[in-house]
**Q** 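Starting off with a structure, shown below.
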Amino acid sequence: MNRGLLIVVSAPSGCGKGTLLAEILKDKDYYYSVSATTRSPREGEVDGVNYHFATREEFEDLIKSDGMLEYAQYCGNYYGTPKKEVEKKLSEGKNVILEIEVQGAMQVKEIAPEGVFVFILPPSVSELKKRLLKRGTEEISVIEKRVSEAVGEIKYAEKYDYVIVNDDLSKAVDDFKTVISAEKMRTKNSKEIIDEVLKNA
Ligand code: 5GP
């Protein structure tokens, strides 16, 4: 069996990344890596499903025991990808999605350059602001801060392999699937197919 692809997805908040990934994850070939974090659960979030919620001490223990593939501090909290499950799912042939911010993504790029790095963009910064305002969950000052953070993050987009603009959701889903199909056809990911064709030749 071919190993699955390691897919790293980053996007500033308000890019509709959650909705896009929910569509992709309907396909059982994909596995969503559940991160660990020290931030408190938001309403409706479930431990082990959205995140593994941990204390700072637990998180730092995992770092010390080399249990993290990558980690970063974001808005005063730790976020990280536990290594074990990612490795297990990749070896089972699943495409593993890491939904992480840019600092973590750059660490993964160092240790796993064979990964597929995808950046989700909003159609424009003004549209992003409009979406955050419409969501109505934050005060204007917080929205301003998120928008300026988004601008900083978008500057990293060119370090990724692919950029997908999430303007129309179904187009963005198609674009994402196209990227993954193309990646699977790369010769480096097709060794077993070549061997299979040559079997008994
Ligand atoms: P939130 O608190 O809104 O759930 O996430 C904040 C940011 O942390 C988002 O950009 C999200 O992609 C990122 N994030 C979530 N899990 C991880 C992780 O395991 N590692 C890193 N580096 N970032 C993460």
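First listed ligand is number 1; within each ligand, the first listed atom is number 1. Just the heavy atoms: all of them, side chains too, but no hydrogens, waters or symmetry mates, feed the values below.
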**Q** In terms of residue, atom name and distance, what is the protein heavy atom nearest to atom 20 (N) of ligand 1?
**A**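 Looking at atom 20 (N) of ligand 1, the protein heavy atom closest to it is Glu70 OE2, 2.8 Å.
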
**Q** Suppose I only count heavy atoms of Gly80 and a 4.0 Å limit; which atoms of ligand 1 are within that range?
**A**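 It comes down to these atoms of ligand 1: 18 (C), 19 (O), 20 (N).
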
**Q** Atoms of ligand 1 less than 4.0 Å from Ala72 heavy atoms?
**A**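 Contacts of ligand 1 toward Ala72, numbered from 1: 22 (N).
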
**Q** Applying side-chain hydrogen bond (donor to acceptor under 3.5 Å, both in side chains), can you list everything that pairs with Tyr156, at least two apart in sequence or on another chain?
**A** none

**Q** For Arg39, is the nearest heavy atom under 4.0 Å from an atom of ligand 1?
**A**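 Heavy atoms of Arg39 do come under 4.0 Å of ligand 1.
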
**Q** Going by distance only, is there an N or O of Glu101 that falls short of 3.5 Å from an N or O of ligand 1?
**A** yes

**Q** According to the ring-ring contact (aromatic ring centres under 6.0 Å, His included) rule, which pairs have a member within residues 17-44, sequence neighbours left out?
**A**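 Matches after skipping sequence neighbours: none remain.
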
**Q** Can you tell which part of Glu99 has a heavy atom less than 4.0 Å from ligand 1: side chain, backbone, both or neither?
**A** both

**Q** Honestly curious: do Leu121 and Val9 fall in one hydrophobic cluster under the side-chain, below-4.5 Å linking rule?
**A** no

**Q** Heavy-atom contacts under 4.0 Å between Tyr74 and ligand 1: side chain, backbone, both, or neither?
**A** side chain

**Q** So which protein heavy atom does atom 19 (O) of ligand 1 come closest to, and at what separation?
**A** Ser35 OG, 2.6 Å

**Q** Verify the distance criterion only: is there a donor paired with an acceptor across the side chains of Ser35 and Thr37 at less than 3.5 Å?
**A**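 Short answer, no.
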
**Q** Below 4.5 Å, heavy atoms only, C-beta onward: do Val102 and Tyr160 meet side chain to side chain?
**A**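 Heavy-atom side-chain distance check passes, below 4.5 Å.
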
**Q** Determine the interplanar angle of the Tyr78 and Phe59 rings, folded into 0 to 90°, and report it as parallel if under 30°, tilted if 30 to 60°, perpendicular if over 60°.
**A**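 If you compare the ring of Tyr78 with that of Phe59, the planes turn out parallel.
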
**Q** If we set the cut-off at 4.0 Å for heavy atoms, which region of Lys17 has an atom near ligand 1: side chain, backbone, both, or neither?
**A** side chain

**Q** Mark up the atoms of ligand 1 that fall under 4.0 Å of a heavy atom belonging to Gly104, in ascending order.
**A** 22 (N)

**Q** Who's closest to atom 1 (P) of ligand 1 heavy-atom-wise, of Tyr51, Tyr78, Tyr71?
**A**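 Nearest heavy atom to atom 1 (P) of ligand 1 lies in Tyr51.
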
**Q** Can you tell if the side chain of Val96 reaches within under 4.5 Å of the side chain of Glu85, non-hydrogen atoms only?
**A** no

**Q** Would a hydrophobic clustering, with Ile, Leu, Val, Met, Phe, Trp and Tyr connected at side-chain separations under 4.5 Å, put Leu98 with Phe119?
**A**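 Yes, Leu98 and Phe119 fall within the same hydrophobic cluster.
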
**Q** With heavy atoms under 4.0 Å as the rule, classify the contact between Arg42 and ligand 1 as side chain, backbone, both or neither.
**A**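 The part of Arg42 near ligand 1 is the side chain, not the backbone.
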
